[in-house]
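In what follows, a structure is listed as structure tokens, so that the remarks can point back to it.
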Number of protein chains: 2
Amino acid sequence: MSAKQPKSGNKGKKTPEDAPGAVWFRAEKTSRTGPQLSHERIVATAVELLDRDGVQKLSMRRLAERLGAHATSLYWHVATKDDLLDLALDAVFAELDLPGEHSAAWQDDIEAFMTGLRSVLLRHPWAAALAGSRPLMGPSALRASEFTYTALTTGGFEGVHLSSAAATLTHYVLGSASSEAVWRERSDEAATRSAVDAHLRARIDEYPTLAGHFPLLDEDDWDAHFHRGMRLLLAGLASSEARG
Amino acid sequence: MSAKQPKSGNKGKKTPEDAPGAVWFRAEKTSRTGPQLSHERIVATAVELLDRDGVQKLSMRRLAERLGAHATSLYWHVATKDDLLDLALDAVFAELDLPGEHSAAWQDDIEAFMTGLRSVLLRHPWAAALAGSRPLMGPSALRASEFTYTALTTGGFEGVHLSSAAATLTHYVLGSASSEAVWRERSDEAATRSAVDAHLRARIDEYPTLAGHFPLLDEDDWDAHFHRGMRLLLAGLASSEARG
DNA sequence: ACCTGAACACCGTTCAAGT
DNA sequence: ACCTGAACACCGTTCAAGT
């Protein structure tokens with residue numbers, strides 16, 4: 001059905017470009033529907049669509065349409081949709097701006113990593129949940145890991161304690177960013193929150209401690225919430241026990 | 001096409017139950033293809049399928065087939081597939097076995113929560129990633145939160161520090177379980193790991209610290225890895241700074 | 001009250017064919 | 001080398017109709 005009404009195609013239309021002599025005025029080889037497909041353009045557009053509509057709405061067909069191409073053409077450039085998601089995710093990590101040189105206090109580097117990663121993840125609300133569900137092995141993710149490993153090494157972490165500390169920090173950033181993103185994505189955060197709050201208060205026998213403590217009724221608290229968790233982690237890192 | 005070859009249906013087949021007089025031997029009103037649908041049976045079967053085939057493979061049609069019903073029938077019991085996933089997830093949290101009474105040392109309760117949650121999540125490898133990507137507001141998840149909030153209150157946490165500490169612990173368990181599950185799901189974990197290791201070593205200029213520290217080449221290290229992160233968090237909780 | 005059947009508007013991916 | 005077109009085997013969900 002939808003194939004019968006060409007939306008962005010150009011077959012069958014008589015355009016000035018078809019007129020005799022038009023060869024001379026036509027652009028050389030480049031496709032008429034925009035720039036050619038390329039690995040980079042596909043990934044960049046995927047990120048754009050993911051930002052706008054979320055991960056559930058991204059399809060190869062919608063992506064292709066936006067690129068002025070057919071869905072099947074994408075498969076010349078990327079193997080699967082899953083690969084594309086990995087590429088889009090690493091593109092987000094590529095936005096992470098880490099200090100060029102390591103600072104005197106290694107804790108400052110850890111803070112820079114954590115707050116920096118959090119803010120790129122919040123710029124792309126689909127990214128944190130995705131990052132939590134697959135290995136992060138892209139070059140930009142590895143670059144970020146390298147930075148963290150170096151800072152922690154300066155802090156005295158070695159061997160297995162090094163990887164455990166790094167993983168713990170990363171899990172915290174991904175987890176808190178994901179949870180923040182998912183709450184903020186719903187337009188009615190405040191309404192949902194007070195509904196949950198009411199629900200808990202109505203069952204105060206079951207949830208005596210939880211009711212009344214349901215977090216973050218104020219929107220601006222997200223930032224402070226993140227920083228409190230980060231301080232807890234930094235305090236944990238400071239403890240010699242963590243180093244073995 | 002697929003509708004023309006009845007796979008598990010029973011229309012058109014002559015069975016002994018169709019024979020004259022068979023009325024008397026037939027079960028009363030119950031459907032022929034198994035017990036009737038119910039909220040509980042749908043959720044339990046969904047968990048079963050998720051355990052076996054993962055979240056990507058779960059569809060309303062496959063689930064219905066396994067229940068001996070049609071996909072559309074499920075919609076009388078659950079509103080959407082998304083709701084069903086929330087229900088399945090809370091069913092996993094329901095398996096979490098928490099101490100009946102709180103122990104003398106609140107840290108032991110925190111440990112019990114963390115290790116307990118980790119093990120139910122690893123029993124259902126799809127669960128951790130899902131839990132990280134949506135609010136956990138089911139009754140069993142709330143029960144677990146109540147337990148943690150109570151333990152932390154005993155530990156001296158109050159107000160915003162209480163929710164921040166609780167969230168930090170939860171993010172760690174979900175993140176580490178998710179990452180462990182995703183690595184273990186691939187049949188060739190060892191092979192993948194040494195491929196990554198080789199990749200890093202080949203780029204030792206870019207990743208001087210990371211190369212050679214790529215974690216967990218031994219499978220049994222997952223457990224110790226988790227416990228090291230947990231100790232780091234407990235050390236963080238112990239620091240007075242975390243309480244305000 | 002509970003379930004079916006048909007239908008709608010989609011999916012990811014393969015592959016021969018075009019340029 | 002890069003892209004199209006047709007096709008395959010699926011999806012979630014709605015809704016009128018059956019019992």
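Naming: A, B, ... by sequence-line order, numbering from 1 per chain.
B:L67 has its CG atom 10 Å from the P atom of C:dC3, to the nearest Å. D:dC3 atom C1' lies 11 Å from atom CD1 of A:I42, rounded to whole Å. The separation between A:Q56 atom CD and C:dG12 atom P is 12 Å, rounded to whole Å. With rounding to whole Å, B:H70 atom NE2 is found 18 Å from D:dT13 atom P. The CE atom of A:M60 sits 19 Å away from the P atom of D:dC11 (whole-angstrom rounding). At whole-Å resolution of the value, CG in A:L74 and C1' in C:dC11 are 14 Å apart.
Base pairing analysis places C:dT14 opposite D:dA6; the two distances defining the Watson-Crick or G-U wobble pair are each below 3.5 Å.
For D:dC10 and C:dA9, the P atoms lie 22 Å apart once the distance is rounded to whole Å.
Residue A:L58 is in sugar-phosphate contact alone, with no base atom involved, counting any heavy-atom pair closer than 4.0 Å across all strands shown.
Considering only side-chain atoms of A:R62, the nucleotide from C:dC11, D:dG12, D:dG5 that sits closest is C:dC11. In the set D:dT4, C:dT4, D:dG12, D:dG12 carries the atom at the smallest distance from any side-chain atom of B:Y75. Closest to the side chain of A:Q36, out of C:dA1, D:dC2, C:dC11, is D:dC2. Ranking C:dA1, C:dG5, C:dT13 by closeness to the A:K81 side chain, first place goes to C:dT13.
Note that A:R143 lies outside the cation-pi zone of A:F93, set by a 6.0 Å cut-off to the ring centre and a 45° limit from the axis.
Contact check for A:L122 versus A:F226: no side-chain heavy atoms found under the 4.5 Å cut-off.
Nearest-nucleotide assignment on DNA chain C puts the 5′-proximal partner with B:R61, out of A:S59 and B:R61.
Neither OP1 nor OP2 of C:dT4 sits under 4.0 Å from any side-chain N or O of B:T72. Side-chain N/O atoms of A:S73 include none lying less than 4.0 angstrom from OP1 or OP2 on D:dC2. Between A:H77 and D:dC3 there is a side-chain polar atom (N or O) within less than 4.0 angstrom of OP1 or OP2.
Atom CG of B:D188 has more than 12 heavy atoms from other residues, nucleotides or ligands within 6.0 Å.
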Any chance you could lay out the side-chain hydrogen bond (donor to acceptor under 3.5 Å, both in side chains) test for B:H225 and B:E180, step after step, and finish with the verdict?
CA-CA 10 Å; B:H225 192 61; B:E180 178 169 348; over 6 Å; no

Go through A:E95 and A:H124 one step at a time and tell me if the side-chain hydrogen bond (donor to acceptor under 3.5 Å, both in side chains) criterion holds.
CA-CA 11 Å; A:E95 289 178 22; A:H124 306 284; 2.9 Å; yes

